[in-house]
Protein chains: 2
Amino acid sequence: MQNLSIKINVGSELCLKNPDSSELGQKIISNSILLIDELGFESFTFKKLSLKINSPESSIYRYFENKHTLLVYLTSWFWSWTEYKIVIATTNIEVSIEKLEKAIHVLTKPILVDQSISYVNEVILNKIIIAESVKAFHTKDVDEENKKGCFETYKYMVNRVAAMVLEVNPLYEYPRMLISTVVEGAHQQRFFSEHLPALTDSKKGEDSITEFYTQLVFNMVLK
Amino acid sequence: MQNLSIKINVGSELCLKNPDSSELGQKIISNSILLIDELGFESFTFKKLSLKINSPESSIYRYFENKHTLLVYLTSWFWSWTEYKIVIATTNIEVSIEKLEKAIHVLTKPILVDQSISYVNEVILNKIIIAESVKAFHTKDVDEENKKGCFETYKYMVNRVAAMVLEVNPLYEYPRMLISTVVEGAHQQRFFSEHLPALTDSKKGEDSITEFYTQLVFNMVLK
DNA sequence: GCAAATATAATAGTATTACTATCATATATG
DNA sequence: CATATATGATAGTAATACTATTATATTTGC
């Protein structure tokens with residue numbers, strides 16, 4: 001994938017003003033990715049971001065209500081981008097099993113090289129997704145945010161892959177449970193592999209995570 | 001399980017003073033469970049807890065450094081209790097497959113009735129685990145806390161069940177990855193089922209989550 | 001039963017966070 | 001060129017996340 005100038009569709013309910021539309025907006029996105037990665041989400045503040053980009057804090061608030069909605073925006077961007085990659089990886093592939101396998105690869109392989117779509121560093125964004133994305137929906141107002149459509153890109157992506165599962169086996173009962181288990185599980189295992197190795201069997205270097213989840217999907221679907 | 005007066009071993013690195021040892025300590029634990037459930041972890045503060053228990057904020061700080069370590073303490077308690085339940089459920093069971101199945105049940109079934117071990121409401125604590133426990137280790141200082149032993153009870157529990165997997169199939173390659181996928185996945189799916197149903201196939205009422213993860217484990221291990 | 005140690009209460013204080021508000025200035029658009 | 005819109009500069013506020021100090025209970029050891 002080269003520098004394609006595609007636009008990742010994220011949803012207008014996630015920001016007050018589209019960051020894509022201005023230089024400041026893009027600076028907010030690209031630098032927030034760097035800063036969240038550097039400090040962790042809890043220590044990240046709009047104040048610190050404002051110092052990094054040399055713009056007043058109040059200007060950032062014109063784009064995002066608060067740092068939580070910014071995180072939701074970033075995760076939504078990531079899932080939208082992931083779905084795009086799945087589409088690219090599976091078009092023109094006729095055999096359903098092969099198609100599903102390609103999708104699982106996109107979902108479980110680590111992102112090692114920045115594919116530089118516009119101003120987003122996908123390698124670092126992926127690190128944030130692994131470390132922080134669960135915080136986007138583990139809040140007291142999930143239901144409210146869900147109603148507003150904050151998690152649509154995630155749902156679309158999961159449902160697209162779940163549909164591939166049904167293509168392989170139309171009788172399989174739990175396609176979405178299977179895929180969301182894989183998506184979240186793969187991130188979780190990457191996190192464990194780096195920080196809590198006693199909870200996994202994945203060693204750095206080799207890619208047992210993709211192998212494990214590929215086995216898992218086909219053991220379940222081709223039963 | 002009746003009111004057994006067992007003690008759940010949690011680890012001294014998790015608190016400044018053992019809350020088990022005093023009335024105030026126990027009040028802190030039991031009321032923090034209620035308040036975190038009520039407000040969500042982000043809105044929960046020691047100030048609010050101090051008002052609820054009618055003790056000054058500074059007294060709470062004598063037990064826990066901050067609300068994060070309190071959450072780590074609660075999750076550690078939960079895993080220790082879970083392991084205890086697994087031990088109870090599997091003693092005197094000879095057949096390895098049956099043993100593993102019982103353990104998976106303990107890990108995936110919802111906790112519906114308060115088993116009232118001491119001052120901890122396990123039903124509400126389980127709700128907290130489902131909603132908030134990922135925040136216990138998704139922080140910038142996981143590594144440091146891990147070194148201190150903050151996640152030992154979780155590791156012990158996972159490794160105990162992983163050992164049961166190996167009992168069923170000594171050649172299985174990824175026992176810990178499998179079990180941590182199940183544990184985290186089961187909680188995740190309960191959360192999705194309630195808040196983001198588009199990401200799961202589990203409907204309220206029936207227990208497809210336990211069924212799904214039991215299938216999953218045996219499809220992987222008995223391959 | 002009393003002294004000493006320990007735990008808790010009462011109160012105050014501080015830096016940082018998470019915003020909101022106002023007004024001036026720059027830039028784009030029609 | 002007028003108007004709208006975006007950004008900058010600056011200020012302010014309530015709440016958060018602590019720390020510190022002193023007084024008062026309560027427990028424990030002799």
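Numbered from 1 within each chain, the chains take letters A, B, ... in sequence-line order. These numbers were taken from a predicted model, which means no experiment stands behind them.
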Rounded interatomic separation in angstrom, taking [atom1] from [X] and [atom2] from [N]:
X	N	atom1	atom2	value
A:His68	C:dC19	NE2	C1'	16 Å
B:Leu51	D:dA17	CG	P	14 Å
B:Gln26	C:dT8	CD	P	11 Å
B:Tyr61	D:dT16	OH	P	11 Å
B:Leu49	C:dA9	CG	P	12 Å
B:Ile60	D:dT19	CD1	P	14 Å
A:Glu57	D:dG12	CD	C1'	12 Å
B:Leu24	C:dA10	CG	P	12 Å

Is there a side-chain contact between [X] and the phosphate of [N], meaning an N or O under 4.0 Å from OP1 or OP2?
X	N	result
B:Tyr63	C:dT8	yes
B:Lys17	C:dT8	yes
A:Lys48	C:dT16	no

Proximity of A:Phe137 and B:His195 rings by center, below 6.0 Å: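 They do not qualify: ring centres at least 6.0 Å apart.
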Is the distance between the ring centroids of B:Phe64 and B:Phe46 under 6.0 Å?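 Centroid separation for B:Phe64 and B:Phe46: 6.0 Å or greater.
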Could you tell me whether the side chain of B:Gln26 and the main chain of B:Asp20 form a donor-acceptor pair under 3.5 Å?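 Checking the backbone N and O of B:Asp20 against the side chain of B:Gln26, a donor-acceptor pair under 3.5 Å is found.
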Given D:dC18, D:dG8, C:dA9, identify the nucleotide with an atom nearest to the side chain of A:Pro56.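 The closest nucleotide is D:dG8.
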Lys/Arg-Asp/Glu bridge criterion (N-O < 4.0 Å) met for A:Lys147, A:Glu144: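 Result for this pair is no, no salt bridge flagged.
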I'd like to know if A:Arg160 pairs up with A:Glu83 as an ion pair, taking the criterion as any Lys NZ or Arg NE/NH1/NH2 lying under 4.0 Å from an Asp or Glu carboxylate oxygen.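 Yes.
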Return the 5'-most residue of the pair A:Glu42, B:Ser55 with respect to DNA chain C, ranking by each residue's nearest nucleotide.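 Its nucleotide being nearer the 5' end, the pick is B:Ser55.
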Closest-nucleotide 5' rank along DNA chain C - winner of A:Phe46 and A:Ser58: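 Between the two, 5'-proximity favours A:Phe46.
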Assign A:Lys47 to base, sugar-phosphate, or nothing according to its heavy-atom contacts below 4.0 angstrom with the strands shown.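 If one applies the 4.0 Å heavy-atom cut-off, A:Lys47 turns out to touch nothing in the nucleic acid.
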